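All figures in this text were calculated on a predicted structure; none of them were measured in a lab. Below, each value reflects all heavy atoms present in this structure, side chains not excepted, and no hydrogens, waters or symmetry copies.
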Amino acid sequence: MRKNIVAGNWKMNTTLQEGVALAKEINEALKGVETKCDVVLATPFIHLVSVVEAVDAARIGVGDENCADKVEGAYTGEVSAAMVASTGAKYVILGHSERRAYYHETAEILKDKVVLALANGLTPIFCVGEVLEEREAEKHFDVVAAQIKESLFDLTAEDFAKIVIAYEPVWAIGTGKTATADQAQEIHAFIRQTIAEKYGNEIAENTSILYGGSCKPSNAGEIFAKPDVDGGLIGGAALKADSFMGIITAFE
Ligand code: PEP
């Protein structure tokens, strides 16, 4: 059975002290609360060790927001998948639309990052999603299928089974505009079908596919109730413990 997951993506927000305080607040808030999902906090690199120490590993998985596409060596400023794993982090977000747009991460680069993340025991949360013009031109299915095929479909079935997908329409990220629950369901079902065609029904049925894009406590319940939506990747609303908890507890 696939897992429900709610993952917070803190992006380039919070100082170390603020980040640790937020992680502790979420950790406290989860005490005694029964959840229907795994909870992940994806934080800036520099926070990882402290956040891993601050939370109960049985309730919260810690993740990074990126890793390098190289193993090690003379790549000033980069952080390798092995370094991320050595902090105790278990997840890494890869292919976020901000990384694709601002740091020119191509399908090929992402393919290498995915391989390195898996080789170091990290679970990639692999982001896909179309920009507004692509949605308006009804190219979103093709765009998303290409993103998945180009970066993930050289993986063995055993490795693909370790991937979490996050569908994030770029026009909904940080804009306050959310895809409707029906729009999310439509494309999540398409993603699952695309996976099934390559890796078979069992792997497709077991792949967690998260929705991301202006998800908040007021809309999470309706979106998560859709059969092919297995939780969310949350940006802005993950930066406050109460709104993040509102999303974590939004499953019916
Ligand atoms: C994100 O960037 O992953 C995201 C979903 O952001 P927001 O929730 O702020 O739209």
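The cluster map of Ile, Leu, Val, Met, Phe, Trp and Tyr, joined by side-chain heavy atoms under 4.5 Å apart, puts Val39 and Val51 in the same cluster. Side-chain heavy atoms closer than 4.5 Å link hydrophobic residues (I, L, V, M, F, W, Y) into clusters, and following such links, possibly through other members, connects Leu22 to Ile234. The cluster map of Ile, Leu, Val, Met, Phe, Trp and Tyr, joined by side-chain heavy atoms under 4.5 Å apart, puts Leu210 and Ile247 in different clusters. Grouping the Ile, Leu, Val, Met, Phe, Trp and Tyr side chains by contacts below 4.5 angstrom, directly or via other members, places Leu116 apart from Val92.
Residue pairs meeting the side chain to side chain donor-acceptor pair (under 3.5 Å) criterion with at least one partner in residues 198-218, sequence neighbours excluded, are Arg2-Glu205. Contacts classified as side chain to side chain donor-acceptor pair (under 3.5 Å) and involving residues 137-148 (residues at least two apart or in different chains) are given here: Arg135-His140.
Between His104 and Ile109, the shortest heavy-atom contact is O-CD1, 3.9 Å. Here the closest heavy-atom approach between residue Ser80 and residue Val71 is recorded as CB-O, 3.4 Å. Across Gly129 and Val143, no two heavy atoms sit closer than the pair O-CG1, 4.2 Å. Shortest non-hydrogen contact noted between Pro44 and Asn13 is CG-O, 4.0 Å. Considering all non-hydrogen atoms of both residues, Leu122 and Ala89 come closest at CD2-O, 3.4 Å. Taking both residues in full, the closest heavy atoms of His47 and Thr15 are given as NE2-O, 3.2 Å, listed atom of the first, atom of the second, then distance.
Of the charged side-chain nitrogens involved, none lies within less than 4.0 Å of a carboxylate oxygen, so that Lys70 and Asp112 do not count as a salt-bridged pair. Note on Lys3 versus Asp230: no salt bridge recorded, every NZ/NE/NH1/NH2 to OD/OE distance being 4.0 Å or above. Using a cut-off of 4.0 Å between Lys/Arg side-chain N and Asp/Glu carboxylate O, Glu25 and Lys240 are scored as not salt-bridged.
Between His96 and Ile93, some side-chain heavy-atom pair lies under the 4.5 Å cut-off. You'll find the side chain of Thr35 reaches within 4.5 Å of the side chain of Leu30, heavy atoms only. Contact check for Val164 versus Phe126: no side-chain heavy atoms found under the 4.5 Å cut-off. Using a 4.5 Å heavy-atom cutoff, the side chains of Asp38 and Arg59 are not in contact. The side-chain heavy atoms of Phe244 and Pro217, taken from C-beta on, include no pair separated by under 4.5 Å. In this structure, Ile191 and Asp228 have side chains that are not in contact, with every pair of non-hydrogen atoms separated by 4.5 Å or more. By the 4.5 Å heavy-atom criterion applied to side chains, Pro169 and Ile173 are not counted as neighbours. Side chains of Tyr167 and Val144 form a contact here, defined as non-hydrogen atoms less than 4.5 Å apart.
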Would Lys162 and Leu118 count as a side-chain contact (heavy atoms from CB on, under 4.5 Å) here? Give the steps.
CA-CA 8 Å; Lys162 298 171 189 157; Leu118 289 170; 3.8 Å; yes
Given salt bridge (charged side-chain N to carboxylate O under 4.0 Å, His left out), test Glu252 with Lys36 step by step and report yes or no.
CA-CA 9 Å; Glu252 298 288 299; Lys36 294 186 179 155; over 6 Å; no
Could you walk me through whether Glu65 and Tyr91 pass side chain to side chain donor-acceptor pair (under 3.5 Å), step by step?
CA-CA 9 Å; Glu65 303 169 15; Tyr91 295 83; over 6 Å; no
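A distance of 8.5 Å separates CZ of Phe153 from CD of Glu197, quoted to the nearest 0.5 Å. Summarising the geometry, atom CD1 belonging to Ile26 is positioned 5.0 Å from atom CG belonging to Leu41; distances are rounded to the nearest 0.5 Å. We find the CZ-SG distance between Phe224 and Cys37 to be 7.5 Å, quoted to the nearest 0.5 Å. From Thr194, atom OG1 reaches atom CG of Leu152 across 11.5 Å, with rounding to the nearest 0.5 Å. In this structure, the separation between CG on Asn66 and CG on Leu110 is 9.0 Å, given to the nearest 0.5 Å. Here the CG atom belonging to Leu233 is positioned 5.5 Å from the CG atom belonging to Asn9, to the nearest 0.5 angstrom.
Put simply, the residue from Gln17, Glu18, Lys24 that forms a side chain to side chain contact (heavy atoms under 4.5 Å, CB included) with Val20 is Lys24. Just one residue in the list Leu16, Val55, Thr87, Val62 forms a side chain to side chain contact (heavy atoms under 4.5 Å, CB included) with Ser50, and that residue is Leu16.
Within 6.0 Å of the CD atom in Glu134, the count of heavy atoms belonging to other residues, nucleotides or ligands exceeds 12. More than 12 non-hydrogen atoms from other residues, nucleotides or ligands lie less than 6.0 angstrom from CG of Leu132.
Without hydrogens or angle criteria, Lys90 side chain to Thr123 main chain gives no donor-acceptor distance under 3.5 Å. Put simply, the side chain of Arg99 never gets that close to the backbone of Leu94: no donor and acceptor are under 3.5 Å apart. With hydrogens and angles disregarded, no donor-acceptor distance shorter than 3.5 Å links the side chain of Ser151 to the backbone of Ile148. Side-chain atoms of Arg100 never come within 3.5 Å of backbone atoms of Ala107 as a donor-acceptor pair (strictly under, hydrogens ignored). In this structure, Asp159 contributes its side chain and Leu155 its backbone to no donor-acceptor pair below 3.5 Å. Side-chain N or O atoms of Asn27 include one that pairs as donor or acceptor with a backbone N or O of Asp56 at under 3.5 Å.
Neither side chain, Glu133 nor Trp171, offers a donor N or O lying under 3.5 Å from an acceptor on the other.
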